[in-house]
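Hydrogens, waters and symmetry mates are skipped; everything else that's a heavy atom, side chains included, is used. Both ligands and their constituent atoms are indexed starting at 1 by order of listing. These numbers come from a predicted model, not from an experiment.
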Amino acid sequence: MSKKPGLTVLAGPTAVGKGTVSTYIRDNYPEVWLSVSATTRAPRPGEVDGVHYFFKTKDEFEQLIADGELLEWAVVHGQNTYGTLKSTVNQAIAEGRSVLLEIDLQGARQVKEAVPDAQFVFLAPPTWDEMVRRLVGRGTETPDEQQRRLETAKLELAAEPEFDHTVINDDVRRAADELVSLMGLTPHPHLPEPSAR
Ligand code: 5GP
């Protein structure tokens with residue numbers, strides 16, 4: 001039985017397709033308020049400041065931490081820092097929106113401490129081999145970076161029992177529809193094909 005909370009956290013191993021599922025939800029489910037994270041990572045081609053992330057310098061990010069502006073934050077893959085802005089999330093919850101955070105496992109654990117009645121959904125790969133294929137197939141990371149992400153992924157897979165629900169990402173549309181259902185919303189019939197990310 002799902003909790004139907006205002007706040008749902010989607011986490012899971014690296015390269016499981018969290019980004020693809022959340023992009024699909026952003027494009028197809030305007031009734032979901034998808035949090036835009038702050039990050040020190042440089043934008044990838046096509047990424048827009050304020051839409052995909054708020055791109056910050058290290059100093060700016062440090063200031064957000066110092067000012068207590070972040071609900072959670074973490075260094076992901078030992079490289080860049082990512083965090084969720086408290087003010088925008090709180091406002092969306094106060095407005096009664098269905099809020100979705102797509103964050104890493106360390107962040108999900110922090111949210112569980114801060115907001116225990118949030119709903120925590122683990123996005124799992126259909127198989128380990130499929131996850132490796134997706135990671136290598138993306139082609140945007142160096143071999144060293146891919147190796148680092150795989151090591152992280154192994155640890156992250158073991159965290160599944162900490163979550164309220166598991167959604168298998170065997171198909172982006174199906175997974176997104178299941179997630180939306182868990183958020184207490186009605187999945188749309190006949191959605192368009194997901195756009196590549
Ligand atoms: P990418 O650099 O590929 O966009 O994202 C890398 C990782 O950062 C993903 O696993 C994503 O879930 C995570 N991430 C994105 N935003 C946040 C955030 O606000 N907080 C945390 N803890 N992780 C985040």
Which atoms of ligand 1 are found less than 4.0 Å from any heavy atom of Arg41? 1 (P), 2 (O), 4 (O)
Tyr24 versus Asp177, side-chain donor and acceptor atoms under 3.5 Å: no
Just going by heavy-atom distances, which of Asp104, Thr84, Leu123 is nearest to atom 13 (C) of ligand 1? Asp104
Does either side chain, that of Gln63 or that of Asp59, offer a donor lying less than 3.5 Å from an acceptor on the other one? no
Should Arg41 and Glu47 count as an ion pair when the cut-off is N to O under 4.0 Å? yes
Answer yes or no: does an N/O atom from Ser37 fall short of 3.5 Å to an N/O atom of ligand 1? yes
Atoms in ligand 1 with a heavy atom of Lys18 nearer than 4.0 Å: 10 (O), 12 (O)
Under 4.0 angstrom from ligand 1, any heavy atom of Gln106? no
More than 12 heavy atoms of other residues, nucleotides or ligands under 6.0 Å from CD of Glu113: yes or no? no
Val89 versus Trp33: any side-chain heavy-atom pair under 4.5 Å? yes
Give a yes/no verdict on whether any heavy atom in Gly83 is under 4.0 Å from an atom of ligand 1. yes
Tell me, please: is Arg44 in heavy-atom contact with ligand 1, that is, under 4.0 Å? yes
Hey, does Ala38 come in under 3.5 Å of ligand 1, counting only N/O atoms on both sides? no
Quick check on contacts: which atoms of ligand 1 are under 4.0 angstrom from a heavy atom of Gly107? 22 (N)
For ligand 1, is Tyr53 a contact, meaning one of its heavy atoms is under 4.0 Å away? yes
Is Gln110 touching ligand 1 with its side chain, its backbone, both, or neither, if touching means heavy atoms under 4.0 Å apart? neither
Side-chain donor-acceptor pair present, Gln110, Gln106, cut-off under 3.5 Å: no
So Arg148 and Glu151, salt bridge (Lys or Arg N to Asp or Glu O under 4.0 Å) or not? Walk me through it. CA-CA 5 Å; Arg148 251 200 309 274; Glu151 292 302 322; over 6 Å; no
What do you reckon, does Tyr82 have a nitrogen or oxygen under 3.5 Å from a nitrogen or oxygen of ligand 1? yes
Ligand-side contact atoms (ligand 1) for residue partner Ala74, heavy atom cut-off under 4.0 Å: 22 (N)
Could you list the residues that satisfy side-chain hydrogen bond (donor to acceptor under 3.5 Å, both in side chains) with Asp170, not counting sequence neighbours? Arg174
Looking at Arg133 and Glu130, does any basic side-chain N land under 4.0 Å from a carboxylate oxygen? yes
For ligand 1, note which part of Ile103 has a heavy atom under 4.0 Å away: side chain, backbone, both or neither. both
